[in-house]
Number of protein chains: 2
Amino acid sequence: MAEPSPNRVGTTEKSLTILELLQQEDGAGVTEVATTLEMSKSTVHSHLSTLVDCGYVTHHDRQYHVSTKLLRLGGRLRDQSPLYQAARIEMKSLAAETDGVVHLFLKEESDATMIAQEGYYPGVRERHLGERTPLSESIVGPVMLAERERSDDGEPDDAPEEDDVSQVDDDVRDRFDRIRRRGYAVETRSGSSDRTFAGVLSRQDGTVMGALTVTVPGDSGSPLSAGDRLLEAIERVELSLTSWYDSQATFSPKHSWHVHSN
Amino acid sequence: MAEPSPNRVGTTEKSLTILELLQQEDGAGVTEVATTLEMSKSTVHSHLSTLVDCGYVTHHDRQYHVSTKLLRLGGRLRDQSPLYQAARIEMKSLAAETDGVVHLFLKEESDATMIAQEGYYPGVRERHLGERTPLSESIVGPVMLAERERSDDGEPDDAPEEDDVSQVDDDVRDRFDRIRRRGYAVETRSGSSDRTFAGVLSRQDGTVMGALTVTVPGDSGSPLSAGDRLLEAIERVELSLTSWYDSQATFSPKHSWHVHSN
DNA sequence: GAGGTCGTTCAGATATACTGAACGAATTTG
DNA sequence: CAAATTCGTTCAGTATATCTGAACGACCTC
């Protein structure tokens, strides 16, 4: 919490800490925040009043809750992203045809963030909106890493960065080979009969933008059709995505949308 | 912007203003923010560094963007809400059976906030996640106001509050009567053949929690089935909702979830 | 290669955020 | 029903941390 703070910061950090505490506890009073964060009551009151005035916190009945403004700001970030716009239609049809749950992930550095969900059935693995999981822990990780290796084969491009893919053992490498040949990865969670199919979304130049997954219950129809259907959806999303980028590039070459090409 | 600020605030307000500017412009540089908000470049740099350290802003390639942390915080607020949990299953089935788009609204004071969407088809009215519209402008407004009037008839309950329903003309009153008798409202937007059916979600005691809407294309099947199907879904959601509140009330009578009973 | 723009850093001066105590109100205890 | 406690809020003073302005280095443009 009390970082060495290489840059110059201070008051805002406290306000945001309070905000996140309200999120975790979902709702708290002044003294509760003050004792938890070891701050003066009056200080907490000032910060909370500020957050209320700015619309980030509500103040009903002596309890402070985070408001829906965070959802609104984050939602517009998502809605404006070309990845979401390109995937929207396919997510709907993919979920409808497979009768499963479709998740859209956005690649951020070495993590994958879930930004959209379509479909639902009781008992399905709960993924939270905006949930950020490291690539090494999620199923989208292997498929992204495998895809990256493939593009690296084509052209050395940039530096290999900070990832331990260079020294993978043969076991993992074999798995990557399978994923690469098939185009998607399959995961069967322990304790559940659900199967999750995950494929990567990348641009024409090979940069990975995100991933698309579809989870179907174990007792659903043909097990292979979901994977094939996923590949079709991915192909269409990538097509729409590249066409969007082309139209943007020729129009206004200002700033490309989140091209963390590193 | 420079409000009279009845309370004591200051630095945090500036940081949040910068954050919202980054959201609107989707991404900006230091000088762009400084000139827009009439602040010193070094000041803006400090605030942006703070936001980056806290994870609310990313800093790739000389451009500052809002990160997905806002979506994550807002998403957890939504996922934990009993309204969303109760409506999840019904939203899916309602969207699937009507082949339309289902929106879930949360009532906040005199506004309705869209917190979840299920289904999609090209050309449908775009509602943004977290979008907050006054009750007077949206279709969910009349249905909520009509429902409130009905509950007011039953028991005077609280004070009539600040709303101009008391002096509505007969035209509006007739519309309310129709909505009350049917249970939902229908809206046909100009320039589109889509029809939106909106119904209110309320607890057993009559307090309005939110609204559920389903929008179907004009050329879809039977026009009435969507409304009937909506009523079924609402009934089930309200059932699940009240049972959730009962289990919570008997378990821990600490703080009820967002009971803006006023 | 020169001019301009942009991001970043640094030290000083000013403003302002933090502390502590006290008040009123709501809630719980006896 | 009354007393005591808890909680939220307000207020003035002090010390802190924020803001300013200029200067440096990097990047892009002409």
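If you're wondering where the values come from, they're calculated on a predicted model, not measured in any experiment. Below, chain A is the first sequence line, B the second, and so on; all start at residue 1.
The number of heavy-atom neighbours closer than 6.0 Å to CZ of A:Arg132, taken from other residues, nucleotides and ligands shown, is above 12.
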TODO: If a protein heavy atom is under 4.0 Å from the base, mark B; if only from the sugar-phosphate, S; if neither, -; do that for nucleotides 14-22 of chain D going 5' to 3'.
DONE: ----SSBB-

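In this entry the distance linking NE2 of A:His59 with C1' of D:dC7 reads 11 Å, nearest Å. In this structure, B:His45 atom NE2 and C:dC10 atom C1' are separated by 11 Å, rounded to whole Å. Taking atom CZ of A:Arg62 as the reference point, atom P of D:dT9 lies 8 Å away to the nearest angstrom. Rounded to whole Å, the distance from CG on B:Leu48 to P on C:dC6 is 15 Å. A:Asp61 has its CG atom 11 Å from the C1' atom of C:dA26, to the nearest Å.
In summary, the side chains of A:Ser15 and A:His47 do present a donor paired with an acceptor at a separation below 3.5 Å, with no hydrogens or angles considered. Checked by atom type, the side-chain pair B:Thr113/B:Glu108 shows a donor-acceptor distance below 3.5 Å. Side chain to side chain, B:His128 and A:Gln80 fail the donor-acceptor criterion of an N or O pair below 3.5 Å.
Between its opening and closing five pairs, the helix from C:dA15-D:dT16 to C:dG30-D:dC1 changes axis direction by 20°, a value rounded to 10 degrees.
Remark: A:Arg236 pairs with A:Glu90 by the salt bridge (charged side-chain N to carboxylate O under 4.0 Å, His left out) rule, at least two apart or across chains.
For B:Tyr64, the listed nucleotide lying nearest its side chain is C:dT8; candidates were C:dC6, C:dT8, D:dG8.
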